[in-house]
Number of protein chains: 2
Amino acid sequence: MNKKQLIVKLSGALNLSKADSERTFDTITNTILDALKGDDSVKIAGFGTYKVAKRKARVGRNPRTGEQIQIAASQKVKFLPAKALKEVFNK
Amino acid sequence: MNKKQLIVKLSGALNLSKADSERTFDTITNTILDALKGDDSVKIAGFGTYKVAKRKARVGRNPRTGEQIQIAASQKVKFLPAKALKEVFNK
DNA sequence: TTTCTATATGCAAATACTGCATACCCAATT
DNA sequence: AATTGGGTATGCAGTATTTGCATATAGAAA
């Protein structure tokens, strides 16, 4: 399922036009992103938690040449599903 | 940041009451969940992809007792941030 | 049409995972 | 507004799993 199909579903569920649904959806993702930039975690009870995780620098490898490469430290967004979410998919 | 605080932000950005913002937000998370139950991935360009990942059964260990444990196969929801999302947090 | 994303490759190192108790913070109800 | 019940984080040990590097291509999405 891609974004367009999701928007169609949302449009029905929210009783909004597709354009409005998309605007709403984008606003929400942007708000979450902004929150993550300031704070470093966004907790949504019953769904999950978005966190910015720091990843240490380490030694990697160019899979094409096999040559070793130093990989810089970085940050990535992680999503930790809530308990309710795990249960939904394990019944 | 927790859900309540996020709702307040959304309320401002969407120009909706807090109650409506929360309803909208819950509708979206539920729609994503439903999509994940049917399909097994939801791709949102520019944000990320939610996937249901199957995890094989394996042998684990109770860290308290050291005793070996058989861990059943399970499924969990994974979120893979899009490229744009990684870049935001690595500048 | 033009941008975005998945895939595939080998391999080292980081990190997730498990049970469980405690502490904590949040959400909802009164 | 306050209390309470429930969801969530933390720490632990050791193994399993994931990650992420470069890069081109194919396929899908905007």
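In what follows, chains are A, B, ... by sequence order, proteins preceding strands, each numbered from 1.
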Looking at side-chain heavy atoms only, is the closest gap between [X] and [Y] below 4.5 Å?
{"X": "A:K3", "Y": "A:F25", "result": "yes"}
{"X": "B:K4", "Y": "B:I7", "result": "no"}
{"X": "A:T29", "Y": "A:L33", "result": "no"}
{"X": "B:R61", "Y": "B:I69", "result": "no"}
{"X": "A:Y50", "Y": "A:I44", "result": "yes"}

Contact list please: residues 54-63 of chain A against DNA chain C, heavy atoms, distance less than 4.0 Å, in numerical order.
A:K54, A:R55, A:K56, A:R58, A:R61, A:P63
Listed in order of residue number, which residues of residues 64-82 of chain A have a non-hydrogen atom at under 4.0 Å from DNA chain C?
A:K78
What one should report as the nearest heavy-atom pair of B:L85 and B:F47 is CD2-O, 2.9 Å
For A:A84 and A:G46, which heavy atoms make the closest approach, and how far apart are they?
CB-O, 4.1 Å
Counting only N and O atoms by type, is there a donor-acceptor contact under 3.5 Å from the side chain of A:Q5 to the main-chain atoms of A:N2?
yes
Does the A:T49 side chain pair with the main chain of A:V42, one donor and one acceptor, at a distance under 3.5 Å?
no
Protein within reach of the bases, or only the backbone? For nucleotides 24-29 of chain C, mark each nucleotide 5' to 3' as B, S or -, using heavy atoms under 4.0 Å.
--SS--
Pick the closest DNA chain D nucleotide for A:M1 and for A:A84 by heavy atoms, then say which residue is nearer the 5' end.
A:A84
Rounded to the nearest Å, what distance is computed from the NZ atom of residue B:K83 to the P atom of nucleotide D:dG20?
15 Å
Below the 4.0 Å mark, does D:dT8 have OP1 or OP2 next to a side-chain nitrogen or oxygen of A:T49?
no
Decide, yes or no, whether a salt bridge links B:D26 with B:R23 under the criterion of side-chain N to carboxylate O below 4.0 Å.
no
